[in-house]
Amino acid sequence: MPSRPIRIRTTSQSFDWDREFATSRKDYYHWTQWIFEKLFEHGLVFRSKTLVNYCPHCKVVLSNEDSQGGQCDICHSDVVQLSKDVWFLRITQYADKLLEGLNHVDYPESIKQQEISWIGKSTGAFVDFPLDETDEKLEIYTTRCDTLYGVTFMVVAPEHPVLDKYKDRIKNWGDVEAYRLGCAKKTEFERTQLAKDKTGVKIEGLAAVNPITGKKIPLFIADYVMMGYGTGAIMAVPAHDQRDYEFARKFGMDIVQVIKGGNIKKEAYSGDGEMINSGFLNGLTNKKDSIEKMLQYLAEKGIGHKGVQYKMKDWAFNRQRYWGEPIPLIHCPKCGTVLVPENELPLELPPVKNFEPGTDGQSPLAKIPEFVNCTCPKCGGPAKRETDTMPQWAGSSWYFLRFCDPHNDKVFADRKKLEYWMPVDHYNGGMEHVTRHLLYSRFWHHFLYDIGEVNTPEPYAKRTYQGMILGADGEKMSKSKGNVIDPVDIVNEYGADTLRTYVMFMGDYASAAPWSDESVKGCRRFLDRVAGLTDIMTAQKEDPQIEADLHKTIKKVSDDIENMKFNTAIAALMTLLNEFTKAGSITRADLITYIKLLSPFAPHITEEMWQYIGMNPDGKTFLTVSEWPSYDEDKTRDVEKEIGVQVNGKVRASIRLAVDCPREEALSRGKAEPNVARYLEGKTIVKEIYVPGRILNIVVK
RNA sequence: GCCGGCGUGGCGGAACUGGUAGACGCCCGGGACUUAAAAUCCCGUGGGUAGCGAUACCCGUACCGGUUCGAUUCCGGUCGCCGGCACCA
């Protein structure tokens, strides 16, 4: 709290402080818990024991989104995969809606792509492979079910449960266990980045059956198959999948080509081609057709069906942290999991002495008996509260809705107010939130829309992002590099107007740009020169050229601000200033317009100038709330323009022409230029191009 | 490997729908003011060749090629950088 408002105020950022709230206050998280309960009621909260990301340093279970790149979002240590009993939000159920919704919003392509690739939808088929001499069927997921005839072995992930089930039939259980242990020790990084060399163990005593050929095929465990994607088991088609190919080569498995093409002696072939060795698929040449035909066959025989897979996983939602919204669930030995009744919300976070999570994997709340022990709202018997808390993204997943109605204590926000304000017109933020906050909040909002609580499926109409301001050395600012710029220091030395102007002027808004002290000074110089305009204010009539330029600048600055091209807006204002300075005078009317245009960037100095020239006689008529200048479209159009005269596409002269100058006149004027005439002499004119106001080009031979 | 984006002076960056590349700012050089310095103001500033000079010509938007009267812009290829995903079956 202490430093942030100072920065916000010293740089004169404007907020409606009446709408201020904090997601950590109970009058806010009341409604975060309420939304959680709605999710629970609609079957979107479930508990499951699976492999999850765990940060050994923070001692906390993390979601996939919070452990991108295999690192903890908070402390950046490597996460490990542990089998844990975890609360999940079924975000995958909204995967298709999250994808489809992207078609109806104004987001940059890069952001859409990032969301799409994070969701990672793929269409394929689930196929059952019988385990020989058992009733067990091993389900696999494949995107190329048309290559089923080329399956020569199967691979399951080291963690696959089928192994434990048939433990006593596996003759080399010792080897299998040793391999599993080795895999468990590896970090995600080692397993995916370093271990490109295929490893695995053949399961002795257990074999699979290719459901389409009836042939017995060997079964392996190998860590190139992940438990977290698909079913954790694959059918291996070495002829047409490079990973399977490498594995087959190493373990001496058969490689059966089923698609013509490539050089199977050297590598797997994943391209298109005629189907061979594939029974009823033989002769088909189109991937789409053969997949379709195989799917039909699988469905008829009841051995497989069409299916989709997502890389995105369900949202691991509970954290073993103190600072988070308590999860409003009660564990009753009789009734199971029961929601805290709505009228008992908010379920308050109890005060605690020690914030550290316990070594037992429990949250600090577990150590408070008064909190843990409660009565079941259903049966009235003794019960225990869930002691984990929600992740930081919970409260932020709907805050924009609360801004519409921040003090409502009856509902999370009044429906009429939501309808008035939503959707958010423009959400600008960092790229780092695209696969976290943006994704999560879109999910919650889609859900609230589905249950009729909000009026639009998508929360944000438009999304943009800003580039990072780098240190003067071109590196990301960091304390350890010592290249951090504190905006308050800049304000103290040059003023808030200079800081604001510089930050907007320093480069393209969406691109990263290094800090430059020298350029900051340049912006200060600019503002000092602006301040000097009052000295040359005159009552004289305005020059027509200046008038035209003024109108052009109003247009440009207005458009540029709208399109977030702040750097060129400021450049246009600098150019116009240069003109006034050169002319040595500015009319009062022009000065008024000028400072209005500059005021979003430099609100203080322009407000002062406004007052200085008598625009605020009653002390209440502020520039900040004055009307934005308008322009006359006709006056933004040049009457005359300097255009280039080319001969064979090379500029040989430059002439000033009326924009509506007729073709004949333009041509004769152009040809009359000595340096043009020089190139025309003795040549035949083949073609003459004249684009009024743009170019004159004479093609000769 | 796949997806998205980018590559323009010494630097940050401009350039409409294909129409005089380098706006604007910084740095740098020269000059004015000053006893002097800082600040400020004025002039110059992509590279090269010729000329005392005005000026003229050549080269130039990562590289190679294409389309076009004309390409930073469109197309094909190559290289490099940034971001995202990744043994994803």
Side-chain angles (χ1 to χ4, degrees), chain A residues 68-69 108-122 124 140-145 147 155 157 191-193 195-198 222-226 228-237 240-244 246-247 309-311 431-432 434-435 465 470 474 501-502 505-508 510-523 525-526 528-529 532 559 565 567-578 581-582 641-655 674-675 678 686-700:
Chain A
Q68 293 185 27
E109 197 51 36
S110 53
I111 289 184
K112 287 191 183 181
Q113 281 308 323
Q114 210 173 312
E115 293 246 312
I116 291 167
S117 74
W118 183 258
I119 294 168
K121 183 177 182 172
S122 100
I140 60 97
Y141 175 74
T142 176
T143 52
R144 294 302 303 268
C145 63
T147 60
V155 186
R191 194 163 153 182
T192 57
Q193 306 292 313
K196 291 283 179 192
D197 202 26
K198 299 285 173 294
D223 68 354
Y224 82 93
V225 175
M226 305 288 146
Y229 185 78
T231 63
I234 62 151
M235 62 177 213
V237 188
H240 305 291
D241 181 290
Q242 190 56 29
R243 292 154 304 171
D244 297 345
E246 284 163 23
F247 192 86
Q309 272 298 305
Y310 304 95
K311 285 186 199 167
M431 283 301 274
E432 71 277 11
V434 170
T435 51
Y465 59 94
L470 306 172
T501 305
Y502 172 62
F505 181 66
M506 66 191 294
D508 175 48
S511 309
W515 185 267
S516 159
D517 283 325
E518 297 305 322
S519 293
V520 174
K521 285 179 196 159
C523 287
R525 260 200 289 273
F526 162 61
D528 284 344
R529 291 176 60 212
D559 292 352
K565 296 174 82 175
N567 55 338
T568 50
I570 293 168
L573 287 166
M574 288 173 168
T575 309
L576 189 59
L577 172 70
N578 290 343
T581 313
K582 205 165 233 173
K641 250 186 165 171
E642 188 92 5
I643 70 165
V645 183
Q646 303 180 329
V647 178
N648 288 347
K650 286 198 185 272
V651 182
R652 296 304 176 188
S654 169
I655 54 174
N675 202 42
R678 208 153 67 84
V686 187
K687 201 171 178 182
E688 292 162 331
I689 295 118
Y690 170 56
V691 184
R694 290 275 163 80
I695 202 80
L696 186 63
N697 188 9
I698 300 160
V699 187
V700 296

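Values below: every heavy atom of this structure, side chains too, minus hydrogens, waters and symmetry copies. Residue numbering restarts at 1 for every chain, and letters A, B, ... go by the order of the sequence lines.
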task = For A:P514 and for A:Q114, find the nucleotide of RNA chain B with the closest heavy atom, then tell me which residue's nucleotide is more 5'.
result =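 Upstream on the strand: A:P514.
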request  = Could you check A:I570 against A:K650 and say which one's nearest nucleotide on RNA chain B is further toward the 5' end?
outcome  =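 Comparing both residues, the 5'-ward one is A:I570.
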query = Does the ring of A:F247 carry A:K198 above it, NZ/CZ under 6.0 angstrom from centre and within 45° of its axis?
reply =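 Pair A:K198/A:F247 does not count as cation-pi.
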request  = Can you tell me the distance, in whole Å, between the CE atom of A:M235 and the C1' atom of B:C88?
outcome  =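 Going from A:M235 (CE) to B:C88 (C1'), I get 14 Å.
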query = When the distance from CZ of A:F505 to P of B:C11 is rounded to whole Å, what number comes out?
reply =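 In whole Å, B:C11 P lies 17 Å from A:F505 CZ.
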According to a strict under-4.0 Å criterion, is [X] in side-chain N/O contact with OP1 or OP2 of [N]?
X	N	answer
A:R529	B:A39	no
A:Y141	B:A89	no
A:Q309	B:A89	no
A:N675	B:C57	yes
A:R694	B:A15	no
A:R652	B:A56	no
A:R525	B:C26	yes

message = Applying a 4.0 Å non-hydrogen cut-off, can you work out what A:K121 is touching in the nucleic acid: base, sugar-phosphate, or nothing?
response =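 If one applies the 4.0 Å heavy-atom cut-off, A:K121 turns out to touch nothing in the nucleic acid.
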ask   = Looking across every strand, which nucleic acid part, if any, lies under 4.0 Å from A:S654 by heavy atom: base, sugar-phosphate, or nothing?
value =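 Base contact.
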query = Does NZ in A:K112 sit with more than 12 non-hydrogen atoms of other residues, nucleotides or ligands closer than 6.0 Å?
reply =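 Check passes, neighbour count above 12.
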inquiry  = So if I take every side-chain heavy atom of A:I695 and compare against B:U20, B:C24, B:G70, which nucleotide ends up nearest?
reply    =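 From the listed options, B:U20 comes nearest.
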message = Give me syn or anti for B:G4, where syn covers glycosidic angles within 90 degrees of 0.
response =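 Classified anti.
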hbond_proxy A:K198 side chain to B:C87 base (donor-acceptor, 3.5 Å cutoff) =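 Per atom types, the contact qualifies.
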ask   = Expressed as a whole number of Å, how far does the C1' atom of B:C11 sit from that of B:C59?
value =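 Going atom to atom, C1' in each nucleotide, I get 23 Å.
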